[in-house]
Amino acid sequence: MNFNRFILIWLLLGLSKSYAQDSIQSQLDAVKSEITDLKKIEKSHFMIRGFTQFGLDASSEDLSFNMTSFNPIILWRHGDRFLFESELEMEYMSNIFSLNLGYASASYLVTKGLVIKGGKILIPFGTFGEKFHPSWSNKLASAPLGFGHDGMVPMADVGVEVKGGVQVGSAKLSYAAYAVNGPRIKDGTEEPTEAGMLSFENMNDNNRNKAFGARLGILPLQNSSLELGGSVYYALPGSFKSPFAGDPKLKDLNYNNVTALLTALDLCFVKIIQPLSGVLDIKGQYNVSKISNATYFNPSDTARYTFQNNASSYYIQVAFRPSLLDNKVLKNFELVGRYSVYNTPKKSLWESEQSQIQFGLDYWFTWRTVIKVSYQINNGTMGGSGMSSMAGMAGMSANVILFHIATGF
Amino acid sequence: MKKFIIPSIFVFTLFVCMLFFQNCTASKEAIANKSGAQLWGENCLRCHNTPSPTDFNDTQWKTIGLHMQDRANLTKDEADKIVTFLQSAN
């Protein structure tokens, strides 16, 4: 009897042990299968990334939450060579919600150093517009003068582009060439005080000409810490027909032969400085715009006038983050300073001389989430009619404290 | 201001050419032997902080790698090495 009981217990123990082993093995197999699935690279892949920003702006005249923006970027990769990407710009500012298409383009990797793309593309005129404009890449809460609304720099347009990076010895070349619809010259019929200004981002072309441009960047140092670039952009921004065709007194005013030549130089130096236990980041861009002379019409005094339509802007930004420090809090702080200038054409109705100094202190919670606190000193004088707000100044004329949080996702 | 622009551009161009030709003579092997981790540190930092490898899975890194090759004009070798490093470290 005892012997039978012993056999029964032994059999039960054996069975339960075998069952436990099988159970563990099946669980291990399931985990292995999950890891294999995760490691398997899908041929076609869709994902959403992007960035968002929210802030508080305080000046002697105003205290308001501002610049709430949400910019999802949709990416769809097919195989190793094809990528579709699109950025939607959702923004709520001054009680107005706006939804814009930042860019939407299809890219194809033709060879190792050649990408062709088409659609609404970011214009590689300098580097700020194409690379540093996202709120979690831009170390300060606002764009430098001359960029953005009523700025002088093209940011995005519809067209085609070839671009790539090529290793030459231990140096590297970064190139891009493109043809896009191009800008439209403001003739004063809609906004008289902005006559002669270029308007970029036209989904529909106003003539049969295309704007052409190119950028060449050189990274001469072996560690790619320094990039120096030059950009050029040429366009015929006028319509074939006179905007005053219906007016016998003004129909001779025509802008179809007006030319626009824009050039830029840019600089980017980012390097870990071991003796300072941190990363030094210097960026800058110098832009010049030359538009050929034309005669404009001022409806306020019904007079014709002309001016030398030349504008320029530049910015230089220096940042330092002691990221190699052992202190877990201090290593996440970053000091930033930027100086930018924007001069619009003299004797135009939008004449102005603007400068801006901005000091900032950032705190990085993660590699892509940052709180930015900065003080912005704005200086400017306006000429012309004094009717137009300062171009490219984003409506800010007083000194401002900006408190923003930005994250990439 | 204008009289300084042309000399400044000349000096700038000369400086770039000197750096460029000086580096053309440097070892090509040193470039070819750069690891994905080194390239990750050198290239990502030019525009944003270096990303954490664990934030995305292998498929996502592949897509982001192609996106960054396009946006930052990385060479194909650089993009491939960086993606391989991020996939191995996540």
Find the distance between [atom1] ([X]) and [atom2] ([Y]) and round it off to the nearest 0.5 Å.
X: A:H133; Y: B:C47; atom1: NE2; atom2: SG; result: 11.5 Å
X: A:S225; Y: B:L45; atom1: OG; atom2: CG; result: 10.5 Å
X: B:L66; Y: A:S107; atom1: CG; atom2: OG; result: 7.5 Å
X: B:W61; Y: A:H45; atom1: CH2; atom2: NE2; result: 12.0 Å
X: B:D70; Y: A:L109; atom1: CG; atom2: CG; result: 9.0 Å

Under 4.5 Å between any side-chain heavy atoms of [X] and [Y], yes or no?
X: A:L83; Y: B:Q69; result: no
X: A:D80; Y: B:K62; result: yes
X: B:N43; Y: A:K172; result: yes
X: B:N73; Y: A:K163; result: yes
X: B:D77; Y: A:Q167; result: no
X: A:F132; Y: B:R46; result: no

Quick one: what part of [X] sits under 4.5 Å from any heavy atom of chain B, side chain, backbone, both or neither?
X: A:F46; answer: neither
X: A:Y175; answer: backbone
X: A:R81; answer: backbone
X: A:W76; answer: neither
X: A:F409; answer: neither
X: A:N138; answer: neither
X: A:V279; answer: side chain
X: A:K283; answer: side chain

Seminar exercise, completed: Looking only at A:V115, A:L75, A:L122, the option with the highest number of non-hydrogen pairs under 4.5 Å against chain B is A:L75

Exercise. Most heavy-atom pairs under 4.5 angstrom with chain A, which of B:Q38, B:Q60, B:K34?
Worked result: B:Q60

Problem set entry | Criterion side chain to side chain contact (heavy atoms under 4.5 Å, CB included) on A:V270 and B:E42, from CA distance to verdict | CA-CA 9 Å; A:V270 182; B:E42 288 176 358; over 6 Å; no

Problem set entry | Contacting moiety of B:D80, where chain A heavy atoms sit under 4.5 Å | neither

For this session: Below 4.5 Å from any heavy atom of chain A, which atoms of B:E78 appear? Answer side chain, backbone, both or neither.
Result: side chain

If only side-chain N and O atoms count, and only distance matters, is there a donor-acceptor pair under 3.5 Å linking [Y] with [X]?
X: B:D55; Y: A:W367; value: yes
X: A:E85; Y: B:H67; value: yes
X: A:S137; Y: B:H48; value: no

Problem set entry | Residue among A:E42, A:H78, A:R77 satisfying side-chain hydrogen bond (donor to acceptor under 3.5 Å, both in side chains) with B:T63 | A:R77

